[in-house]
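Let me begin by presenting the structure, written as structure tokens, before commenting on it.
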2 protein chains.
Amino acid sequence: MENSIKIVNYLLQHGIRPSIQRMAVMGYLMNHQNHPTVDVIYAALSPQIRTLSKTTVYNALNLFYEHGAVATLDIDEKGTHYDANCEIHGHFKCLQCGDIFDLFNLPNLPFDTIEADGFKVSECHICYKGYCPACAKIETESSNHK
Amino acid sequence: MENSIKIVNYLLQHGIRPSIQRMAVMGYLMNHQNHPTVDVIYAALSPQIRTLSKTTVYNALNLFYEHGAVATLDIDEKGTHYDANCEIHGHFKCLQCGDIFDLFNLPNLPFDTIEADGFKVSECHICYKGYCPACAKIETESSNHK
DNA sequence: TTCCAATTTGTAATTATTACAATTTTATTT
DNA sequence: AAATAAAATTGTAATAATTACAAATTGGAA
Ligand SMILES: [Mn+2]
Ligand SMILES: [Mn+2]
Ligand SMILES: [Zn+2]
Ligand SMILES: [Zn+2]
């Protein structure tokens with residue numbers, strides 16, 4: 001299928017040897033914008049690949065990160081979230097439902113002013129927290145009820 | 001002493017009843033700009049308050065956070081970091097030495113455009129990663145040596 | 001003082017992640 | 001193709017951060 005060829009190429013371009021398990025993990029990330037954790041990925045793939053080990057998911061994701069094939073989001077204490085989109089973009093984490101939203105269209109933060117101070121920047125994370133539109137709506141409705 | 005009065009007032013202003021332990025934790029945060037973890041705070045205070053429990057440090061910091069008296073930094077998987085400075089400002093985490101630096105003078109990110117989309121923003125985190133000036137210097141020197 | 005609620009403490013439980021050795025798969029050499 | 005070596009996967013055990021919880025302590029109100 002066309003899709004798996006795309007995954008193989010993406011891995012090879014990042015110097016990662018493709019395996020059944022690595023392709024499954026990367027494929028999940030590329031087809032889901034939900035910034036999943038290891039547990040979410042493992043739960044989704046385990047029924048397909050019945051012998052899959054959670055350690056393999058950890059191994060794959062750590063390898064992907066070292067090769068710049070995925071971005072990591074340390075957005076809460078409940079475990080690392082992963083993102084196949086490595087372009088710099090912002091995120092919004094809803095404190096109510098826990099969903100993580102992408103924020104494009106944010107102004108770019110400067111690298112040059114920081115590097116002028118001697119820092120060598122390799123990542124830039126922008127993250128808001130609060131209530132997502134759906135949860136904010138429920139919030140205001142239930143407070144109207146009072 | 002003048003210092004402890006400042007701490008008591010800060011806690012009271014945030015609706016937090018001051019106790020020996022809470023004052024010690026908040027005092028440590030106010031006198032150290034290093035964004036410490038629970039373990040760091042506990043290790044620093046334990047010799048002074050010999051009966052201090054690590055659970056109490058967790059309890060205090062969680063309470064502070066709920067009352068808006070401290071900011072939390074989920075900047076890596078190695079545990080939550082705490083900051084007595086609740087003003088919005090950026091951070092830089094060195095991937096070599098692990099130090100976390102404050103970044104003031106960053107351009108303010110927009111709240112209004114995000115809230116126009118229905119999000120209710122309560123926190124905004126900006127975090128760079130890479131090598132700090134000291135570690136970047138060592139890096140370039142050792143590569144010159146080759 | 002007596003009583004009650006808040007706080008602290010120690011330990012046990014939970015969860016995320018890594019360490020590691022054994023097995024399986026894949027690539028290389030003969 | 002068979003033998004061999006290297007890489008990847010797996011299962012389990014160890015580590016580390018955090019929370020749950022009940023007992024003990026503290027501090028203020030009656
Ligand atoms: Mn994203
Ligand atoms: Mn700071
Ligand atoms: Zn939500
Ligand atoms: Zn450094």
Side-chain angles (χ1 to χ4, degrees), chain A residues 7-8 11-12 14-28 35-67 69-70 72-83 93 95 98 100, chain B residues 4 7-8 11-12 14-28 35-67 69-70 72-82 93 95 98 100:
Chain A
I7 298 168
V8 169
L11 292 177
L12 290 176
H14 288 85
I16 298 163
R17 206 184 306 256
S19 70
I20 303 290
Q21 293 85 351
R22 289 171 182 171
M23 285 176 58
V25 172
M26 184 53 78
Y28 182 89
H35 311 92
T37 60
V38 165
D39 274 357
V40 170
I41 298 170
Y42 176 75
L45 299 181
S46 186
Q48 327 288 331
I49 307 171
R50 288 178 305 306
T51 65
L52 184 66
S53 168
K54 199 178 283 188
T55 299
T56 301
V57 180
Y58 275 103
N59 289 343
L61 291 168
N62 287 340
L63 188 74
F64 296 170
Y65 176 70
E66 289 160 16
H67 287 250
V70 299
T72 59
L73 275 65
D74 289 320
I75 207 169
D76 57 35
E77 341 70 43
K78 297 281 129 198
T80 304
H81 298 258
Y82 292 88
D83 195 335
K93 153 124 185 159
L95 299 173
I100 297 172
Chain B
S4 66
I7 298 169
V8 169
L11 292 177
L12 290 176
H14 288 84
I16 298 164
R17 206 184 307 257
S19 70
I20 302 290
Q21 293 86 347
R22 289 172 182 170
M23 285 176 59
V25 172
M26 183 53 78
Y28 183 89
H35 311 92
T37 60
V38 165
D39 274 358
V40 171
I41 297 170
Y42 176 74
L45 298 181
S46 187
Q48 328 288 330
I49 308 172
R50 287 178 306 303
T51 65
L52 183 66
S53 169
K54 199 178 282 189
T55 300
T56 300
V57 180
Y58 276 103
N59 288 343
L61 291 168
N62 286 340
L63 188 73
F64 296 170
Y65 176 69
E66 290 160 16
H67 287 250
V70 300
T72 60
L73 275 66
D74 289 319
I75 207 171
D76 57 34
E77 343 69 44
K78 297 279 128 200
T80 304
H81 298 259
Y82 292 88
K93 152 122 185 160
L95 298 173
I100 297 172

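Letters go in sequence order (proteins before strands), and every chain restarts at 1. Keep in mind that this is a model prediction, so the values were computed, not measured. Worth knowing before you read on, the calculation uses all heavy atoms, side chains too, and leaves out hydrogens, waters and symmetry mates.
- Within the 4.5 Å cutoff, no side-chain heavy atoms of L73(A) are placed close to those of T80(A).
- Among the atoms of the strands shown, only primed sugar atoms or phosphate atoms (P, OP1, OP2) are found under 4.0 Å from some heavy atom of T80(A).
- Atom CG in D39(A) sits about 11 Å away from atom C1' in dT17(C), given to the nearest Å.
- Distance CG (D74(A)) to C1' (dA16(C)): 12 Å, rounded to an integer number of Å.
- In this structure, CD on Q21(A) lies 10.0 Å from CG on L45(A), to the nearest 0.5 angstrom.
- For dT26(D), the OP1/OP2 oxygens have no side-chain nitrogen or oxygen of S19(B) closer than 4.0 Å.
- Judged by closest nucleotide on DNA chain D, G79(B) is the one of G79(B) and I20(B) placed further toward the 5' end.
- Residue R17(A) has a polar side-chain atom (N or O) positioned under 4.0 Å from OP1 or OP2 of dA8(D).
- A 4.5 Å side-chain heavy-atom check between L11(B) and R17(B) finds every atom pair outside the cut-off.
- A straight line from OH of Y65(A) to P of dT18(C) spans 12 Å, rounded to a whole angstrom.
- T72(B) contributes atom OG1, which lies 9.5 Å from atom CG of N62(B) (distance to the nearest 0.5 angstrom).
- The side-chain contact (heavy atoms from CB on, under 4.5 Å) check on T37(B) picks up D39(B), V40(B), H81(B), with sequence neighbours excluded.
- As a whole-Å value, the separation of M23(B) CE from dG27(D) C1' is 15 Å.
- Under the 4.5 Å side-chain criterion, counting only non-hydrogen atoms from C-beta, T55(B) is not in contact with V57(B).
- Considering only heavy atoms from C-beta on, V25(B) stays 4.5 Å or farther from R22(B) through its side chain.
- If you measure from atom CD1 of I49(A) to atom C1' of dT25(C), you get 14 Å, rounded to the nearest angstrom.
- Side-chain contact between Y82(B) and V38(B) is present, with at least one heavy-atom pair separated by less than 4.5 Å.
- Taking every heavy atom of residues 51-60 of chain B and every atom of DNA chain D, pairs under 4.0 Å involve T55(B), Y58(B), by number.
- For dT9(D), the OP1/OP2 oxygens have a side-chain nitrogen or oxygen of R22(A) closer than 4.0 Å.
- Summarising the local packing, CG of L95(B) is surrounded by more than 12 heavy atoms from other residues, nucleotides or ligands at distances under 6.0 Å.
- Remark on the helix from dT1(C)-dA30(D) to dT30(C)-dA1(D): inter-end axis angle 10°, axes from five-pair C1' superpositions, rounded to 10°.
- In terms of phosphate contacts, Q21(A) brings no side-chain nitrogen or oxygen within less than 4.0 Å of OP1 or OP2 of dT25(C).
- The CD1 atom of I16(B) sits 14 Å away from the C1' atom of dT7(C) (whole-angstrom rounding).
- One atom, CG of L63(A), and another, C1' of dT18(C), lie 16 Å apart when rounded to the nearest Å.
- The distance between atom CG of L61(A) and atom C1' of dT18(C), rounded to the nearest whole Å, is 14 Å.
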